[in-house]
Number of protein chains: 2
Amino acid sequence: MATQPGDKIRELRTKQNLLLRQVTSKLDVDTSIISKMDRGERPIKKEQIAILADILKVEKEELHTLWLADQVKDVIKDEPLADKALKSVSKKIKEVK
Amino acid sequence: MATQPGDKIRELRTKQNLLLRQVTSKLDVDTSIISKMDRGERPIKKEQIAILADILKVEKEELHTLWLADQVKDVIKDEPLADKALKSVSKKIKEVK
DNA sequence: TATAGTCTTGACAAATATTGGCAAATAAAA
DNA sequence: TTTTATTTGCCAATATTTGTCAAGACTATA
């Protein structure tokens with residue numbers, strides 16, 4: 001299963017036999033950018049997620065959650081205190097609700 | 001209780017009757033910067049956390065966890081899917097262990 | 001092998017964001 | 001009030017991010 005947004009995007013694209021070029025046209029970037037986004041070499045912008053979900057006929061929410069988790073992972077990777085920090089944030093979120 | 005690193009730093013500093021100027025000397029930045037960091041107007045760098053913990057005689061880990069949580073919060077704030085994303089990241093972390 | 005189509009890579013410039021310093025304004029203390 | 005401490009807004013320097021381009025690699029087909 002795809003756990004990174006890039007993997008998911010590639011998976012969806014290839015399954016639907018879409019070329020990079022066909023995706024870029026709506027996303028308004030060069031094919032090379034998408035190629036890189038696919039492989040996690042370039043970050044994906046939040047606005048692009050919505051467009052991609054549209055093109056690839058997948059729930060925006062699914063892709064967006066994947067993207068958001070990836071953003072978080074970027075912050076806490078290599079951090080020994082990651083677990084503590086995550087718990088504290090989760091707790092704080094609940095309090096707000 | 002202080003939940004943001006800035007609040008904590010200010011709390012510690014004032015309790016110990018330290019002036020901004022006295023903190024800046026070891027941190028090598030202008031007082032205005034620390035004033036801003038205190039109030040969350042400027043981000044605090046990771047390296048500065050260790051120095052601050054030193055100056056303020058507090059556990060590095062405590063300050064660092066606070067800082068990390070703040071970084072995460074920055075990413076997920078205003079995100080309706082925050083909770084889902086956080087859970088998925090937590091899960092992923094455990095798997096790695 | 002040759003060719004055409006697709007994808008990947010790296011270098012580059014432009015745009016954007018981040019940084020800290022300074023000086024003036026404000027607040028607090030004496 | 002005078003002095004000291006903190007805050008604020010703005011600036012220039014620096015760093016990061018962005019997308020484009022062109023060249024190279026890969027794949028399939030004839």
Side-chain angles (χ1 to χ4, degrees), chain A residues 2 4-56 63-64 66-79, chain B residues 2 4-56 63-64 66-79:
Chain A
Q4 284 178 306
D7 294 340
K8 185 71 186 180
I9 287 164
R10 167 141 310 197
E11 179 188 313
L12 287 165
R13 182 174 64 83
T14 52
K15 269 192 185 159
Q16 293 171 48
N17 284 321
L18 290 170
L19 300 177
L20 282 181
R21 147 163 55 87
Q22 294 172 294
V23 176
T24 60
S25 64
K26 302 193 185 180
L27 214 54
D28 194 36
V29 291
D30 192 80
T31 56
S32 65
I33 300 296
I34 303 198
S35 167
K36 283 166 186 165
M37 293 194 311
D38 269 19
R39 284 163 300 108
E41 200 184 309
R42 284 281 183 116
I44 306 174
K45 287 196 203 168
K46 191 178 165 184
E47 316 86 69
Q48 296 175 322
I49 286 293
I51 302 173
L52 283 167
D54 221 43
I55 301 173
L56 299 172
L63 221 48
H64 192 249
L66 225 44
W67 173 84
L68 193 55
D70 200 49
Q71 303 291 111
V72 173
K73 216 185 67 194
D74 246 25
V75 170
I76 59 152
K77 68 163 188 275
D78 308 326
E79 291 283 357
Chain B
Q4 284 178 306
D7 294 340
K8 185 71 187 178
I9 286 165
R10 166 140 311 197
E11 180 188 313
L12 287 165
R13 182 175 65 83
T14 52
K15 269 193 186 158
Q16 293 172 47
N17 284 321
L18 290 171
L19 299 178
L20 283 180
R21 148 163 54 87
Q22 294 171 295
V23 176
T24 61
S25 65
K26 302 193 184 181
L27 213 56
D28 194 35
V29 290
D30 192 80
T31 55
S32 65
I33 302 295
I34 302 197
S35 167
K36 283 165 188 168
M37 293 193 313
D38 270 19
R39 283 163 300 109
E41 198 186 311
R42 284 283 182 113
I44 305 174
K45 288 193 198 170
K46 191 178 165 184
E47 317 85 69
Q48 296 175 323
I49 285 294
I51 302 173
L52 282 167
D54 221 42
I55 301 173
L56 299 171
L63 221 49
H64 192 248
L66 225 43
W67 173 83
L68 192 55
D70 199 51
Q71 302 293 109
V72 173
K73 217 184 66 194
D74 245 25
V75 170
I76 59 151
K77 67 164 188 274
D78 308 325
E79 292 283 357

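Scope of the values below: all heavy atoms of this structure, side chains included, with no hydrogens, waters or symmetry mates. Within every chain, numbering begins at 1; the chains are lettered A, B, ... in the order of the sequence lines, protein sequences first and strands thereafter.
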Between [N] and [X], is there an OP1 or OP2 to side-chain N/O distance shorter than 4.0 Å?
X     : N      : result
B/R13 : D/dT6  : yes
A/Q48 : D/dG19 : yes
B/R39 : D/dT8  : yes
A/R10 : C/dT8  : yes
A/R21 : C/dT6  : yes
B/K45 : C/dT18 : no

* Asked: Going by distance alone, is a donor N or O of one side chain under 3.5 Å from an acceptor N or O of the other, for B/R21 and B/S25?
  ->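 Note: B/R21 and B/S25 side chains miss the donor-acceptor criterion.
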Protein-nucleotide distance ([X], atom [atom1]; [N], atom [atom2]), rounded to Å:
X     : N      : atom1 : atom2 : answer
B/L20 : C/dT26 : CG    : P     : 19 Å
A/I34 : D/dT18 : CD1   : P     : 14 Å
A/D30 : C/dC12 : CG    : C1'   : 14 Å

* To do: For the side chain of A/E41, starting at C-beta, report the closest nucleotide among C/dT9, D/dT20, C/dT8.
  =>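 Of C/dT9, D/dT20, C/dT8, C/dT9 is nearest to the side chain of A/E41.
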* To do: Would you indicate which nucleotide in D/dC10, D/dT20, D/dT8 comes nearest to any side-chain atom of B/R42?
  =>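 My answer, after comparing the listed nucleotides, is D/dC10.
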* Test: B/D54 and B/K26 ion pair at under 4.0 Å -> no
* Does any N or O donor sit under 3.5 Å from an N or O acceptor when you compare the side chain of A/K36 with the base of C/dG10? ->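 Yes.
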* Asked: Side chain of A/S32, base of C/dC7: donor and acceptor closer than 3.5 Å?
  -> no
* What is the nucleic acid contact for A/L19, judged by heavy atoms within less than 4.0 Å: base, sugar-phosphate only, or nothing? ->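 If one applies the 4.0 Å heavy-atom cut-off, A/L19 turns out to touch the sugar-phosphate alone, with no base involved.
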